[in-house]
Student: 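Pasting a structure below so you can have a look.
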Amino acid sequence: MQRSHTCGELRIGDVGKAVAICGWVDRVRDHKGVIFIDLRDRWGRTQVVVGPAAAAATLVAARAARAEWVLRVTGTVGARPAGTNNPKLPTGEIELVCGEIEILNQAETPVFQPGAVELPGEEVRLTNRWLDLRRPAMQENLFLRSRIVKLLRDHCDELGFIDVETPMLGRSTPEGARDYLVPSRLDHGCFFALPQSPQLYKQLLMMAGFDRYVQVAKCFRDEDLRADRQPEFTQLDLEMSFVAADDVMGVIEGLVRRTAWEILGLDVSLPLPRLSYDECMERFGHDAPDLRYGLEIVDLTALAAASDFRVFRGTVEGGGRVRGIQVPGAAARFSRKELDDLTALAVEAGAKGLIWLKCEADGGWSGPVAKNLAGIAAGLQDRLGCEPGDLALIVADSFEVTCKSLHALRKRLGADLGLYEAHAMHFSWVVDFPMFARDAENGGWVAMHHPFTAPRPGDLDLLESDPAACRALAYDLVINGSEAGGGTIRIHDSATQERVFRIMGISPELARERFGFLLDALRSGAPPHGGIALGIDRWVMLFGGLDNIRDVIAFPKTQKAADMMTGAPAAVEPKQLTELGVRVLVPPGKPAPP
RNA sequence: GGGGGUGUAGCUCAGUUGGUUAGAGCGCCAGCCUGUCACGUUGGAGGCCGCGGGUUCGAGUCCCGUCACCCUCGCCA
């Protein structure tokens, strides 16, 4: 070992010890007679002091040392002189009185200093990720991630789960997200797909009798990115046999409770609240509602039907809905421009407009259309629970549009009005999802979760007669308005599976070709089973109080799914393409690497 | 693919109504400094104003296009 201690380890009790530490030069403060060097490593920072009595070579090295040089320093731990302690550092009561400095490596002037106060732009951080990852904040994020992953694994291990790895090179299936494809060298024109999730493999492990499977699984989806979405991401994927939804949810609740306690010291009471999908859409307009604050949606359709206001009447007569939210005490807080911004937000979500009403001191409404609503003024106040000073925001449109726009407004207001504590955590389940949703492209039915989801036993009869009404044995874990996990009980008999395929327009022949192995396995003794996958990146982000998934991923991708550090994706040698039987239609602008 | 934001020194940013030589802080280089810890202090170097067109006597500033990064809608079983 080149070092006896780390840079975060030495304390007042170590005074007098001869030690050796290694690390990066965080800062040098050269006072001519005495030179201070802050040496930094993963564990912390220690001040090295080089006095005028130091050996000539040591003085030369200390004067030469620059930011991010890598040093090995030997010397004696000394107590700092009275009045020079640094209470900001855990090592602030001691310093390493320098004996010798060994320069392990020099460093060019860094593009930015990991210890700097100002955070560089993300482009700079991503191109120089190794520097960015030297920053204590980023190191903390990755430590947190490591702790959470270990905790999840330990918990599953204690519950008897077996960790099984599944292939990365699999078969493309048309369902779901766009696949990342890998061309086959031995079979030109054929491609592997990187897994969007190990879904079928883990079901087959149940059919193989493994009973309880878990994997920290890398997943790939070639879709556009978001602040909380990367094209490659990590799931805690698990599956259990002989279970009902409650059993799977129980395991996850144990994980939630343990993680919240060990990471945040938070005592989460179980069971977690459960909301049905329908209730979520009615009360919050979204299937992953942020329950850290109120601003629930109120239905005003019946009231609107009785009004003279043409917009309301027309919407109701057209089968639409009139819904709104009451924003307590907000009437005075929003200027005309800010209300215009809120309107723009609603319009962006598809609404034709936003009706805003301010509840005045005399109890009446004011606002652009207040006079049109005279007839139902009292009714509105009653339904919305508005008092003087409150603001009411109302959208009249189809149910879907009222959901989308009011959800957007709710989200904006919750954040802007500071309706929740910065560190608040709220965990809940959303259950009773519909089995199917309409395909936006061809109008057919598509699986809301995935095509292997079991319908509620009581809804089996609805499969063909009324697919829209059929509910699934599905459950999503929601943390702070973010989908942090989702799972289902799976279909475990081939007959039901084939029925579900058929509803989604997958013919028996197509089903056999693509999922023959699954249907065969289902017919060869498949136990009832179900499972869930947790988005680990999101978990770490949420438990770390962060708002960006890239900060919990060591080497993330940009919005164009590029790696700014390595330059991936990049062109390849023509020879490689020939070997793979691949021809590029539109060559990229950048030259192939040498 | 659509909407929005950003792009000026190594980094973070300012830059007025289009007007002379584009500034600041940090960092860098050099000098001074024996108790600092975001050390202090004096001096210095450092610019394709993302890129390409255009308007103009004159463009960092106005117009058009384009690229990159970020947020967002679509998309994400």
Side-chain angles (χ1 to χ4, degrees), chain A residues 26-40 45-54 66-68 78 80-89 91-92 95 97 108-128 131-132 173-179 196-197 199-200 219-231 233 341 344-345 347-350 404-405 408 411-412 433 435-437 439-441 445-453 472 474 483 486 488 500 504 506 533 535 547-548 550 557-560 562 564 589-590:
Chain A
D26 200 57
R27 267 204 167 77
V28 182
R29 292 175 295 280
D30 186 348
H31 290 246
K32 195 77 165 193
V34 58
I35 303 166
F36 301 98
I37 300 173
D38 288 342
L39 213 57
R40 182 197 72 235
R45 242 162 70 198
T46 297
Q47 174 167 287
V48 174
V49 57
V50 184
R66 292 292 181 271
E68 300 309 306
R80 293 196 184 189
T84 65
N85 286 355
N86 185 348
K88 284 186 271 185
L89 287 181
T91 60
E95 60 194 0
V97 181
E108 290 175 5
T109 302
V111 172
F112 64 93
Q113 293 201 358
V117 181
E118 283 167 330
L119 189 64
E122 193 147 18
E123 224 170 324
V124 176
R125 291 174 54 203
L126 289 173
T127 10
N128 304 274
L131 277 183
D132 193 37
T173 55
E175 284 282 332
R178 194 175 295 112
D179 281 321
Q196 296 185 21
S197 85
Q199 183 60 36
L200 286 174
C219 305
F220 304 85
R221 294 177 193 175
D222 190 2
E223 298 292 348
D224 285 350
L225 283 73
R226 287 288 185 281
D228 63 351
R229 215 158 78 193
Q230 283 273 301
F233 58 100
D341 287 346
L345 195 65
V347 168
E348 197 184 323
K404 282 188 65 176
S405 49
K411 210 168 146 181
R412 164 78 67 88
F433 282 84
M435 275 287 284
F436 306 103
D439 187 330
E441 281 170 30
W445 295 109
V446 290
M448 194 135 177
H449 271 79
H450 55 62
F452 319 108
T453 301
E483 183 192 330
T488 65
V500 169
M504 294 186 304
I506 302 175
D547 53 14
N548 186 327
R550 293 182 296 278
K557 303 259 187 295
T558 68
Q559 205 162 53
K560 274 192 70 193
M564 300 222 65
K590 349 174 216 188

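The figures that follow rest on heavy atoms only: side chains count, while hydrogens, waters and symmetry mates do not. Proteins get letters first, then strands, A, B, ... in listed order; numbering begins at 1 in each.
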Student: Base, sugar-phosphate, or nothing for A:Q559, non-hydrogen atoms under 4.0 angstrom?
Tutor: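 Here A:Q559 touches the bases of the nucleic acid.
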Student: Using a 4.0 Å heavy-atom cut-off, does A:V446 contact any base of the nucleic acid, only the sugar-phosphate backbone, or nothing at all?
Tutor: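 Counting heavy atoms under 4.0 Å across all strands, no contact is made by A:V446.
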Student: Check every strand shown and say whether A:D222 touches a base, only sugar-phosphate, or nothing at a heavy-atom separation below 4.0 Å.
Tutor: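 Nothing, no heavy atom under 4.0 Å.
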Student: Roughly, in whole Å, what's the span from CG in A:D38 to P in B:G35?
Tutor: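 Spelled out: CG on A:D38 to P on B:G35 is 16 Å.
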Student: Between A:T84 and A:R80 (side chain of the first, backbone of the second, donor and acceptor by atom type, cut-off under 3.5 Å), is there such a pair?
Tutor: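 Judged by distance alone, no pair lies under 3.5 Å.
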Student: From CG of A:L39 over to C1' of B:C37, roughly how many Å is that when rounded to an integer?
Tutor: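 Going from A:L39 (CG) to B:C37 (C1'), I get 14 Å.
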Student: Can you check the A:E122 CD to B:C70 P distance for me, whole Å?
Tutor: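 The answer, rounded to whole Å, is 6 Å.
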Student: Does A:R66 contact B:G27 through a side-chain donor or acceptor facing the base, at a distance under 3.5 Å?
Tutor: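 Side chain to base: no pair below 3.5 Å.
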Student: Does B:G7 have a Watson-Crick or wobble partner in any strand here, with both distances under 3.5 angstrom, and which is it?
Tutor: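 B:C67 is the nucleotide pairing with B:G7.
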Student: Which is true for A:T453 with a 4.0 Å heavy-atom rule: it touches a base, it touches only sugar-phosphate, or it touches nothing?
Tutor: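 No contact.
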Student: Both distances under 3.5 Å, Watson-Crick or G-U wobble: report the partner of B:G18, or none.
Tutor: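 Checking every strand shown, B:G18 finds no partner, since no pair has both distances under 3.5 Å.
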Student: Considering every strand and a 4.0 Å limit on heavy-atom distances, what is the contact class for A:I35: base, sugar-phosphate, or nothing?
Tutor: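 Here A:I35 touches no strand at all.
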Student: Quickly work out the A:F112 CZ to B:G10 C1' distance and round it to whole Å.
Tutor: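 Taking CZ of A:F112 and C1' of B:G10, I get 12 Å after rounding.
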Student: With a centroid cutoff of 5.5 Å and a plane-angle limit of 30°, would you call A:F36 stacked on B:U36?
Tutor: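 Whether judged by distance or by angle, A:F36 passes, so it stacks on the base of B:U36.
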Student: Identify whether any heavy atom of A:Q47 sits under 4.0 Å from a base atom; if not, whether one sits that close to sugar-phosphate; answer base, sugar-phosphate or nothing.
Tutor: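 Result for A:Q47 = base.
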Student: Can you tell me how far P in B:U61 sits from the matching atom in B:U20, rounded to whole Å?
Tutor: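 One P to the other, the span is 14 Å.
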Student: In terms of the nearest nucleotide of RNA chain B, which residue is placed more toward the 5' end: A:K557 or A:G83?
Tutor: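 Result of the comparison: A:G83.
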Student: Would you say A:K560 reaches B:A68's phosphate, i.e. side-chain N/O to OP1/OP2 under 4.0 Å?
Tutor: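 A:K560 to B:A68 OP1/OP2: side-chain N or O found under 4.0 Å.
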Student: Do A:Q199 and A:C219 come within less than 4.5 Å of each other through their side chains, counting heavy atoms only?
Tutor: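 Contact flag for A:Q199/A:C219 side chains = no.
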Student: So what does A:G92 touch, heavy atoms closer than 4.0 Å: a base, only the sugar-phosphate, or nothing?
Tutor: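 Result for A:G92 = nothing.
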Student: Any base atoms under 4.0 Å from A:R550, or only sugar-phosphate, or nothing? Heavy atoms, all strands.
Tutor: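 It contacts sugar-phosphate atoms only.
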Student: Could you tell me the Watson-Crick or G-U partner of B:U61, where both distances fall under 3.5 Å? Say none if there is no partner.
Tutor: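 Partner of B:U61: none found under 3.5 Å.
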Student: Report yes or no: is there a donor-acceptor pair, N or O only, under 3.5 Å between the side chain of A:R229 and the base of B:C76?
Tutor: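 Indeed, a donor on one side and an acceptor on the other fall under 3.5 Å apart.
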Student: For A:E123 and B:C67, give me the distance from atom CD to atom P, rounded to whole Å.
Tutor: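 Between P of B:C67 and CD of A:E123: 15 Å.
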Student: Any side-chain heavy atom of A:S197 within less than 4.5 Å of one from A:R221?
Tutor: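 Heavy-atom side-chain distance check passes, below 4.5 Å.
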Student: Now, which nucleotide makes the Watson-Crick or G-U wobble pair with B:G43, with each of the two distances under 3.5 Å?
Tutor: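 Paired with B:G43, as far as the under-3.5 Å criterion goes, is B:C29.
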Student: Looking at every heavy atom in both A:P110 and A:L131, which two are closest together, and how far apart are they?
Tutor: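 For A:P110 and A:L131, the tightest heavy-atom pair comes out as CB-CD1, 3.9 Å.
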Student: Enter the distance from A:Q47:CD to A:L89:CG here, rounded to the nearest 0.5 Å.
Tutor: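 It comes to 8.5 Å.
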Student: If I pick the P atom on B:A38 and the same atom on B:A45, what distance separates them, to the nearest angstrom?
Tutor: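 Rounded to whole Å, the distance is 30 Å.
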Student: Indicate whether OP1 or OP2 belonging to B:C28 is found under 4.0 Å from a side-chain N or O atom of A:T109.
Tutor: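 Answer is no, no contact under 4.0 Å.
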Student: B:C11 C1' sits how many Å from A:Q113 CD, rounded?
Tutor: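 Atom CD in A:Q113 sits about 10 Å away from atom C1' in B:C11.
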Student: With a 4.0 Å limit, can you tell me whether A:R178 has a side-chain N or O closer than that to the phosphate oxygens OP1/OP2 of B:C75?
Tutor: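 It does not, given that no N or O in the side chain of A:R178 lies less than 4.0 Å from OP1 or OP2 of B:C75.
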Student: Classify A:Q196 by what it touches in the nucleic acid, base, sugar-phosphate, or nothing, heavy-atom distance under 4.0 Å.
Tutor: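 Touches nothing.
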Student: Give A:K411 one of three labels, base, sugar-phosphate or nothing, depending on what nucleic acid heavy atoms sit under 4.0 Å from its own.
Tutor: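 If one applies the 4.0 Å heavy-atom cut-off, A:K411 turns out to touch nothing in the nucleic acid.
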Student: Apply salt bridge (Lys or Arg N to Asp or Glu O under 4.0 Å) to A:D222 and list each qualifying residue two or more places apart in sequence or on a separate chain.
Tutor: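 Checked A:D222 against salt bridge (Lys or Arg N to Asp or Glu O under 4.0 Å); zero matches.
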Student: To the nearest angstrom, how far is A:D224 atom CG from B:C71 atom C1'?
Tutor: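 Answer to the nearest Å: 13 Å.
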Student: Taking atom P of B:A38 as reference, at what distance in whole Å does atom CG of A:L119 sit?
Tutor: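 Atom CG in A:L119 sits about 18 Å away from atom P in B:A38.
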Student: Taking side chain as C-beta onward, heavy atoms only, is A:R40 less than 4.5 Å from A:P114?
Tutor: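 A:R40 vs A:P114: side chains touch.
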Student: Using a cut-off of 4.0 Å on non-hydrogen atoms, how would the nucleic acid contact of A:N85 be classed: base, sugar-phosphate, or nothing?
Tutor: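 Counting heavy atoms under 4.0 Å across all strands, the contact made by A:N85 includes a base.
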Student: Does A:R226 reach a base, just sugar-phosphate, or nothing at all? Heavy atoms under 4.0 Å.
Tutor: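 Touches a base.
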Student: If the threshold is 4.0 Å, N to carboxylate O, is there a salt bridge linking A:R29 and A:D38?
Tutor: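 The answer is yes: the pair qualifies as a salt bridge.
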Student: Taking only the side-chain nitrogens and oxygens of A:K404, find out if one of them lies under 4.0 Å from OP1 or OP2 of B:G74.
Tutor: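 For B:G74, OP1/OP2 do have a side-chain N/O of A:K404 under 4.0 Å.
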Student: Work out how far the P atom of B:A30 is from that of B:C13, and round it to whole angstrom.
Tutor: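 29 Å, rounded to whole Å.
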Student: Using purine N1 to pyrimidine N3 plus N6-O4 or O6-N4 for Watson-Crick, or N1-O2 and O6-N3 for G-U wobble, each under 3.5 Å, what pairs with B:U12?
Tutor: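 Because both required distances fall under 3.5 Å, B:U12 counts as paired with B:A24.
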Student: Within this structure, what is the CZ-CZ distance for the pair A:R229 and A:R550, rounded to the nearest 0.5 Å?
Tutor: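 The CZ atom of A:R229 sits 12.5 Å away from the CZ atom of A:R550.
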Student: Contact class for A:P52 (heavy atom, under 4.0 Å): base, sugar-phosphate, or nothing?
Tutor: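 Since a base atom lies under 4.0 Å of A:P52, the category is base.
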Student: Contact class for A:T558 (heavy atom, under 4.0 Å): base, sugar-phosphate, or nothing?
Tutor: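 Touches sugar-phosphate only.
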Student: Between B:G53 and B:G58, how far is it from one P atom to the other, in whole Å?
Tutor: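 About 16 Å, rounded to a whole number of Å.
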Student: Using only heavy-atom distances, decide whether a donor-acceptor pair under 3.5 angstrom links the side-chain of A:R29 to the base of B:C33.
Tutor: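 No, no donor-acceptor pair under 3.5 Å.
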Student: Just N and O in the side chain of A:K32: are any of them under 4.0 Å from OP1 or OP2 of B:C32?
Tutor: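 True: A:K32 side-chain N/O within range (under 4.0 Å) of B:C32 OP1/OP2.
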